[in-house]
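Working notes for the structure below.
We use all heavy atoms of the structure for the numbers below, so side chains are in, but hydrogens, waters and symmetry mates are not.
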Amino acid sequence: MSSITLKNIFKTYPDGFTAVNNLSLKIEDREFVVLVGPSGCGKSTTLRMIAGLEEISSGELYIGEKLVNSVAPKDRDIAMVFQSYALYPDKTVYKNIAFGLERRKTPKAEIQKRVAEAAKILDIEHLLDRKPRALSGGQRQRVALGRAIVRSPSVFLFDEPLSNLDAKLRTAMRSEITKLHKNLDATFIYVTHDQTEAMTMGDRIVVMRDGVVQQVASPQELYERPCNMFVAGFIGSPQMNFIDGVFKNGETVLLGNDEINLGKLPFKEKPESGKKVKLGVRPENIVTEKSRFKKDEPILKGKVSICELMGSEVILYVDYMDTELTVRAPAYNAPKADETIEFQFEKEKIRLFDEKTEKSLI
């Protein structure tokens, strides 16, 4: 078993700063879990505590059924891949991959077998005699992965491994790591600040902020049912729009003089009439094509300030009341800057948040 269980984990430094605050999480055997959040949210600290590289201030950490708070990193059956490749510049690719096995005095024939298998999986068989300086960034990252693979751990930990790569290579390596997870039959825990990486790779995503877990869910659930405004704004690109409103008459929201009827949206907690709220709507859920307008829904108006062409679509920045809305629209017949446009919200996709607590009401 290679499940990971964190129970009420705290990390507090001598100066009193709490980097991780009462974190409880169960990561199942062979699951791919991504920890995501802005810089300083505690995600890398959490990973380092799982690895044993950072001491736990309080709480319990289990790998399988074993409490490992006091277990040395080398005895935790884990392998870690860092942001920096940490390769030995004077050693060949073969020697870099084999280094950990040689230190453990693994038989030579076994080392050769494991290195050959890892090199084949990662498509770096032709690079085994080269030194790191002769490799590209993507090839170096594959070597770092190979060094982890040959150890055959039950848990792989990744600390922002793709952040040093260019955008095209990051996309390719995301796919490679996802395939690797399927092939290796191991538990993957992956840290990133990039929500695109999180959404495309993880079985589940843990969203963190200021050391506190905000929400743990599948990518689809996070996107469609964020628990608060932070998660709603962090997940999705461009991010969700938030508009000041007032709740009225049990099922409508007033946005200035515009009235949005929410109908039978599933409220967790229905606010009182007159309560200030934030209406959330994603850029792709704002309809600009008149052929898609619904007869019974209000038609809203705003002025385009910027139009960004993105190939088959445009990103519009639209001044609506006191808010700048981001709208994702088809590129054909796209409006130009300073044009006034009409639009509707896809009602079933609207989210509503408490203005003070920022918690989702739907």
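- A salt bridge links Glu54 with Lys11: at least one charged nitrogen is closer than 4.0 Å to a carboxylate oxygen.
- Here His181 pairs with Phe32, Phe188 under the ring pair (Phe, Tyr, Trp, His ring centres under 6.0 Å) rule; sequence neighbours left out.
- Taking Phe99 as the reference, Tyr88 meet the ring pair (Phe, Tyr, Trp, His ring centres under 6.0 Å) condition, with sequence neighbours excluded.
- Counting only distance, with no hydrogens or angles, the side chain of Ser57 and the backbone of Thr12 share a donor-acceptor pair below 3.5 Å.
- A donor atom on one side chain and an acceptor atom on the other are not found under 3.5 Å apart for Asp129 and Thr92.
- Remark: Phe10 engages no residue in a ring pair (Phe, Tyr, Trp, His ring centres under 6.0 Å) (not counting sequence neighbours).
- Residue pairs that meet the salt bridge (charged side-chain N to carboxylate O under 4.0 Å, His left out) test with at least one member in residues 235-257, sequence neighbours left out, are Asp244-Lys278, Lys248-Glu259.
- The two residues Lys26 and Glu28 have their closest heavy-atom pair at CG-OE2, 3.7 Å.
- Of all non-hydrogen atoms in Ser152 and Asp77, the two that sit nearest each other are O-OD1, 4.2 Å.
- Salt-bridge formation is not detected for the pair Glu355/Lys276: no Lys NZ or Arg NE/NH1/NH2 atom is positioned less than 4.0 Å from an Asp or Glu carboxylate oxygen.
- No side-chain donor from either of Tyr190 and Glu160 sits under 3.5 Å from a side-chain acceptor of the other.
- For the pair Gln344 (side chain) and Lys294 (backbone), a donor-acceptor distance under 3.5 Å is present.
- Annotation: ring pair (Phe, Tyr, Trp, His ring centres under 6.0 Å) contacts of Tyr94 (sequence neighbours excluded): none.
- Under the rule for a side-chain hydrogen bond (donor to acceptor under 3.5 Å, both in side chains), Thr340 has no partner lying at least two apart in sequence or in another chain.
- For the residue pair Ser2 / Asp29, a side-chain donor-acceptor distance below 3.5 Å is found, with atom types taken as modelled.
- Each ring pair (Phe, Tyr, Trp, His ring centres under 6.0 Å) pair with one or both residues in residues 270-294, not counting sequence neighbours, would appear here, but there are none.
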With a 3.5 Å cut-off and sequence neighbours excluded, list the donor-acceptor pairs that the side chains of residues 312-326 form with protein atoms.
unit_1 : atom_1 : unit_2 : atom_2 : d
Glu313 : OE2    : Arg328 : NH1    : 2.6
Tyr317 : OH     : Glu308 : OE1    : 3.4
Tyr320 : OH     : Asp258 : OD2    : 2.7

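- Counting only distance, with no hydrogens or angles, the side chain of Ser360 and the backbone of Ile362 share a donor-acceptor pair below 3.5 Å.
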With a cut-off of 3.5 Å and sequence neighbours excluded, list every side-chain donor-acceptor pair involving residues 139-150.
unit_1 : atom_1 : unit_2 : atom_2 : d
Gln139 : OE1    : Ser136 : N      : 2.9
Gln139 : OE1    : Ser136 : OG     : 3.4
Arg140 : NE     : Pro132 : O      : 3.0
Arg140 : NE     : Leu135 : O      : 3.3
Arg140 : NH2    : Pro132 : O      : 3.3
Gln141 : NE2    : Pro161 : O      : 2.3
Arg142 : NE     : Leu122 : O      : 3.1
Arg147 : NH1    : Ala86  : O      : 2.9
Arg147 : NH2    : Tyr85  : O      : 2.8
Arg147 : NH2    : Ala86  : O      : 3.3

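- Glu117 and Lys120 are not joined by a salt bridge, as no carboxylate oxygen comes within less than 4.0 angstrom of a charged side-chain nitrogen.
- Every residue was checked against the salt bridge (charged side-chain N to carboxylate O under 4.0 Å, His left out) condition with Arg174, not counting sequence neighbours, and none meets it.
- Taking the side-chain contact (heavy atoms from CB on, under 4.5 Å) definition, one finds that Asn333 meets it with nothing, sequence neighbours left out.
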Show me the donor-acceptor pairs, under 3.5 Å and distance only, between side chains in residues 224-239 and residues at least two apart or in other chains.
unit_1 : atom_1 : unit_2 : atom_2 : d
Glu224 : OE2    : Gln220 : NE2    : 2.6
Asn228 : OD1    : Phe230 : N      : 3.2
Asn228 : OD1    : Val231 : N      : 2.9
Asn228 : ND2    : Gln214 : OE1    : 3.0

